[in-house]
Structures are given as C-alpha cells and as structure tokens.
Amino acid sequence: MAEKTKKNPMKKKKQQLGQLANFTKGIIRENPIFVFLLGMCPALAVTATLETGVGMGILVIFVLTASNIVVSLIKNFIPDEIRIPSYIVIIATFVTIVGMLTQAYAYALYQSLGIFIPLIVVNCLIMGRATAYASKNDVKSSIIDGLGMGVGFLAALALIGITRELFATGAIAYGVYLPLPFEGSIINTSMYLFNMNVFVGPAGGFIVIGIWLAIFNARGNYLKKKKEVERQAWIEEKKKEAAERKRKKAMEKAGEAA
Amino acid sequence: MISPTVFFVAIVSSMLINNVVLMRFLGICPFLGVSKRTESALGMSLAVMFVMVVSSILTYIIYYYILAPLDITFISTIAFILVIASLVQLVELFIKKISKKLYKGLGIYLPLIVTNCAILGVVEINIAQGYPEDYGLFNGLWVATTSAFGAALGFALIMFAFSSIRERLEAAEVPAAWQGVPVSLVVAGIMALAFLGLGGIV
Amino acid sequence: MLAKLRMALILFIIGSLSGLSIVGVHRLTEDAIAHNELMQQYDDYVVIFPDIDLSDLQEEDIDEDIIQRRIDAYDQNGDLLGYIFVGRAQGHSGMNTILVGVDPSADIVKVVISATDDTPNYAQIIIDDYLPNLSNQRIDEVDYDTSTGATNTYNSVRTVIDAASLHVAGDPAMEAYLSVFDDAERYATNFVFDDEALEEEINIFNAADEIIGYAYIAFIDDESVYIIFDTDDVYQATVSQDVDTSVYDDDIGTKIADIEPEDDDLGLILAELKDLLTNSTRVSLEYIARYFELYDDEDSHIGYTYVGIADGFGGLNVIDIHINLDGELIEYEVVRSNDTPDYINPVLENFEQFIGDSSLSEDDALADDVTVGATRSATSIYNIINAAFEAHAEREGE
Amino acid sequence: MSEYIIGTLVVMGIIALYMLTFLLNKKTDSPGDYKIDAIKCGACSNYACGVKQQFSEER
C-alpha cells in the first residue's frame, strides 16, 4: 500500500482523506454504543452524571488506543494460535495500569466508577477493535481508529450523561469527579423542576438509552427512506431517458427509412 | 459458625435487591443478546451460574490466600480475568470430553462468558465487600460463594422473565423506530422500576 | 519444536513485560494512592474543624455496632478543638458513614455524611436542609427536625448522633468525680429518687471495680449538681458549673451527720441528704440500695423498709418493701414506675398472696396467666422482693 | 526490588496457567461432528453483533 502511494500522489491524498474518515467513522456511522451496542454495561452504569460518563470515556480512549498500538506493533510476532489470549493479557495489563493511575490522580472519579474500571477489560469494544482492526493494520491507522472509536464511545456516554444529569438534578456540574482545577455548573436551573430521581437510578439509565436509540433509529429510518425515494426517482429518470433514447432511435430509424 | 440468616440475606440481597442486571448493570450484553428465546436464555443462565460460583470461589482464594499475603493485590484485575478465562477453557474442555449433548446445549455460551461482565463484576464486588472483615477469612468464602450464587439466580430470573416478555413483544405492534433493542431497554427500565420496590426487604 | 519454543519465548516476553509494567506503575502510584485514601478521610475532618492539625491526629478505635472511631482533633498550637466520631448506620440503601464533630463542651460542631449509597438527591436534601440545624446543639439533647422525604437517611444521622452522645468526651459527671477521686474509672446509677430535687444516687468505682465513693445528682435551677461523698459518708465536694458551692467548702472532710446545712437551695438538698444518709443503711445488692428502720406510731421498732430498684418495662421501677422483724413481708408499695398501670396493677395484686411469707415462690410469682404481656414489670418486682428477703437474711446474720 | 520479582512472577504464572488451559482446550476435539461457531462475526466474540443482526432481521 505504502509503495503504491509513493508512485501516485493522487492516491496519497485519497489516503489522507481516508484517515480522517477513519477517525470520524467511529463517532457517528459506526458509533460503538448507538450503532454496535458495544459496552452497554458502562453506558448504563456510569452515566448518572456527565462527568462520570466523560471520565469513563477518557479511560476507554486510553486503553483502546494503547492496546491498539501494542497489538498492531506485535501483530507479526504473535502466532495465530495464541492471538486472543495474548490480546486479553495486553488489555488487562493496560486496564490495571489505568486503574492505578486513576486511583492516584483522579480519586473521586475512581471512587464513582468503582468496579467499572476493572470491567473495561471485558468491554467488547476494546477486544473487538484489537481483533478486527489493529491486528490487520499499521500502527498509525490503528491509533486513529482507536481514538475515533474512543471518542465515539465518549460522545455517546456524554450524551446519555447529560440527559440523565439534567433530568435528575436540573444542573450539569463540573469539577466534581474529574480532577479539574475549577468547579461549578454549566447549566443550573436551580429549581426542582427536573428533579426526577428515577433518572439517577437504574430505571432511568435503561429508559434514557432506549429513547436515544429510538431517536437514532428514527433518523436512520428516515435517511434510508429518503435514499430509497431518491433512488426510485433516479431509476424513473433513467427509465425515462432510456425510453427517450429508444424513441429517438426509432425516429432516426424511421427517418433513415424515409 | 455464621448464622443461617447471613446466607439467606446474602442470597436475597444479591438476587433481588442488588440484581446484577437491573440494579448493577452487569451482563447487559447477554441480557439483550441471548434473551430472544426462553430456551437459550436458560442455557446461558445455567452456564453463567456455574462459572460465576466457581470463579467466585477461585478468585476469593487467590485474592485472600495468595495476593493479599504477598501484598500484591494491585494485580487483582489481570489475575481475575485470566482466572475466569482459564476456568471457562477448562469447563469447555471437560464438557467436550464428557458429553456431546451437554456441549451442544451449553458449549455455545461458554466462549461468550469470558467477555460477560457479570462474572468479573460479581467477582470484583465480592472482593470489594470485604467479607473476611465481617465473617473471618474462611467463613467469608462461604458468604462470598452464597452471594455469587444469589447473583447468578438473579441473572437467571431476569433472563427468564425478560425472554418471556420478549416473546410477547414479538407479537406486539411496535413503531418502526422502537423495534428491537430500544423497546427492550424501556421494558428493562420498567422492570428495574419494579425491582426498586424490593429495596426494603433486607 | 521450534514453533513451540518461539511461542514460549513470546509468552515469556509478554508476561514479563506485563508484570513489570504493572508493578512499575504500582510503585509509581502507590504513594499517591495512599495519600488519596488518607486525604479522603481527612477531607471530612477538615470540613468539621478547619483548623485541625492533620499531622497530630489521635484516633481511637471504638468498634461498637454504630460508632467505629473517635478522633481527637488538635489545632496547630496543640489546643483541643474537639472530637470527631465516625459511625455507620443503616440508610435507605446500605450503610451510611457519618461523622459527628463535637467541641469540648459537647456541642455539635458539624455533621458530615461521608459515604452513602442513598439516592443522591435525597441525601442532598438532608445535607442542605437538615444537617446545618444540628450544629451548635448539645449532643445529648438534640432537637431533631421532622424530616419529610429521605427519612431513612436522616434516621441514620440520628442513630449515629445518639450513639456518639454516649461517648462524648468530657462527660461532665465523670469530670466531677475525677476532680475528687483520681482513680475513678466508671460510675453507675445505684438508685433513683422519687424526689423533686434529688435525682440519682451514683456509685463510683475504681479500676478494680471497688466502690470508692458515692455521688448524688441534684437539680438547682435546672443545673446539675454533683454532691460527692466517700465511702464513709464524708463530704468531699459539690461540683456544678453555675451554682455557687463555696459556702460548704469548710465542711469538706466532715461527716454528713455533722454538717449544718444553711437555708439556701443547696442547703435544703444537703439537709435532705443528711436525713436520708443518717436514717438509712446502704446495702450492696443488685436490686436493693438501702434500708430504713421501720417504726410504728408508738415509735417501737417493728421492722425494716428495703428500697428496691429494677428495670421495668417503661424505665426504672422503685418499690418500698416492708418486712417485719421475723422476716415476713408486711407490705410493698410502688414509689415510682413508668409501666402502664393496666399491666403492672394485676402483677401487683398477684404479689399480695405472699404477704406474711418470708420467701417467694418463683412459679407463683411469675405465673404465666398473670405475667402475660407484663413480663418485665413482674420480673422487676419479683427481683426486688426477692432481693429484699436476701438483704434481710444477710442483715439478720450479722 | 523483590516486589518487582514477586509481582511479575505471579502475573506470569497466571498467564501461563491461562495459556495452558487455552491450548489444551484448543487441542481437544469437539465431540462428534458438532462444531460451535460462536465467533461468527470475527470482530468480537460477543453477542452484540448478534443483536445487530437480529435487529436488522426484525426489520
């Protein structure tokens, strides 16, 4: 691949564009949570507030990118036989390290995420990217893929977190869990209008994700329908053109004959 | 000796009050993925139950008899996931040798269990509870095992209930956007609301 | 074979790299983690006492059901700021850890919920609306608000405060006793008076559990006064925060019988005490505190009145037992009882069958049909009368 | 220093245990002609892809 790009500058440009697409695909088109339903456990458990969701997202980005790098680095040395177990070991190592770092430098986050930090090990997203992407691609695109997927995961968690926190407390606070040098709240209705405790709890988590999934589905359905309609219109047009051509041809033939 | 009520409380609280799926958000993947048919839901539950109980015992022993005395509890995460993964491999191996029928029934769920966060989650929770402080090093093992068993029962209960609901949901008329997972999640949310009511039992 | 060796080598490398990096990061972070864990506890301490000197914390494990620890907080100059009690109690979902800060004069400084699984919004209501009201109240007489919503969370706070109040360092009674007896270790209520001024008789024990003195708690203008005697009824001291006791300083070291009380509030109480102590004899039995000699209208000695005290259903029951010179029960009367009359009255009637006897039959005294629903009332009276017989026998023996 | 050695050794021991069971299991043939095809969608050995498939089937 790399040799070919040297010969053809046009292709190189295309590949750069490809890297950008590689990054953005994880955010919307292949969003791990809303499209692939990967990592639903943390998506439900740690999204009671925006900050815990974002914190989880950052940890996942870190683990995902790091394991992608290592996996793509060693992809040629690992015998196929022990591929999966090696990946598990690598991921578990990074998760342990990330857990310790969080405990040391973001203690509030560590406490609020609780057992869901070690559970990053079994997050299907990370194992999935390692086997499906990093083990087949070079380091650079693996990093981009890891970052993109991680950001998509973070964005989804943040969306759910914002919804739940706003409905539950009527405010979006910052600086409580993440080790930020400042704290306060972005939105603060400072009234108990939205104070619906159910959104903090498990029931609210399920329902909010359900609603968001339905919204994304509705959008997907709408786009599909639109595409379908456009396709139909295009086919009609082509048919018309073909008929026109046929008519013209027939007329020409008739003219010749005449 | 510990009084029997401790075990009773452990089972009830981990099965109903702190239900793994609805209250602790563990094992959502199989909850959504394998709950389409009651039969497969029960098969999955059975496999989970076995692995959960045995891995609870193993990890308890490893944590309190090896890692804690050596003062290296910080490697517990990697140790636990590898122990669970090895256990699953061993179970699969034995099932392969023992019976074809069993392998057909349960084998398909075994590889899925490694990445099932319910197992690792329950194991981590059991360790985080710190049973040895309350019941002593050895007795704590039994309490941990009991509560893992309760958690597995809770998982099975929810899998069964949810698969039954889903079978009915198939026949229901659901708007296009809500079909499949979204409506399942909302149903799960309502189930979780119902389970909130069990909060005061113990 | 070569493939196998290669696999083993790769496994070895992966394993050692993974192990080394984990241990390495652990070494890197362990100080920070330990610091975080410590700071998390201390955070709450600082909230309670902003001037606290964290390098000089004296913690004492208490290990009761509710109260786990007591921390003595000193400021940078080494002055005592107060005490922090760490307690755990059942909240709405799981145990809540609650810290109660108390200053040396037993006023609550601040109450902090340091760990809770309760619904955050509910816990927040308690933290915002209810906890501030607790500050500056005396810990043993807290006026709790009626909480709406989040009752369980608030109850867990109450439970911990009530439990902490039993531990409040600087117990005024104990301090009073210590000012007289250096070796005072503990004290226990020996008798409760049915009197307006005099409240309790206290036995003061040393570390070997021997009685080293007596104290009488009285109330003057709603202030507690501790009047302390040694075992020979020699006046030792009167301790009180606001009441002037210097009038009787001259009498220190005098036997109660020789004190001439003046006509003031304290004097009236002393006169009463003098009357009591000179006319009665102490008994050291579990349910009997003292006895008086009993005279009839013609002043002839006809027997003894034993004053008994025992836990009933609604609190302490105080009962006078009159026994004649032959050791037979003449009469008994309830001096003080908080038990429900409907329950205690049938029990009292039941004991009438023993009048004239010199011993009690347990089967008859605690017959099932009488004691139904009033077991504790019945047992307390049975214990007192029984102890009175024993005390009488002991006195006769001397 | 000893902490490094002990920690690394324990981690390696557990990894070795896992690899051993993994290879043993891999070498053991499944009974009869029955073959489990759990990892259908190569990306992840989990049911989430399965859900996605079901999901599209339902549509």
Check: Are any of the side-chain heavy atoms of Lys227(A) and Leu223(A) separated by less than 4.5 Å?
Finding: no
Notebook entry, point to check: Is the closest side-chain donor-acceptor distance between Thr52(A) and Thr49(A) under 3.5 Å?
Noted result: yes
Next item on the list: Check whether Ile115(A) gets within reach of chain B through its side chain, its backbone, both or neither, counting any heavy atom under 4.5 Å.
Entry: side chain
Next item on the list: Nearest 0.5 Å please: distance from the OH atom of Tyr87(A) over to the OG1 atom of Thr131(A).
Entry: 7.5 Å
Checklist line | Portion of Phe116(A) that has a non-hydrogen atom of chain B nearer than 4.5 angstrom | finding: side chain
Checklist line | Portion of Ile211(A) that has a non-hydrogen atom of chain B nearer than 4.5 angstrom | finding: both
Next item on the list: Just give me the residue among Leu44(A), Val121(A), Leu213(A), Ile207(A) that pairs up with chain B most often, heavy atom to heavy atom, under 4.5 Å.
Entry: Leu44(A)
Margin query: Quick check on Ile88(A) against chain B: is it the side chain, the backbone, both or neither that has a heavy atom closer than 4.5 Å?
Written below: side chain
Next item on the list: Give the member of Ile28(B), Val21(B), Leu82(B), Ile81(B) that has the highest number of heavy-atom pairs under 4.5 Å with chain A.
Entry: Ile28(B)
Item checked: Phe160(B) atom CZ, over 12 foreign heavy atoms within 6.0 Å -> no
Next item on the list: Check the side chains of Thr59(B) and Asn126(B) for a donor-acceptor pair under 3.5 angstrom, ignoring hydrogens and angles.
Entry: no
Note to self: Does any part of the side chain of Met15(B), heavy atoms only, come nearer than 4.5 Å to the side chain of Leu157(B), both counted from C-beta?
What the structure shows: yes
Notebook entry, point to check: Side chain, backbone, both or neither: which part of Val89(A) has an atom under 4.5 Å from a heavy atom of chain B?
Noted result: both
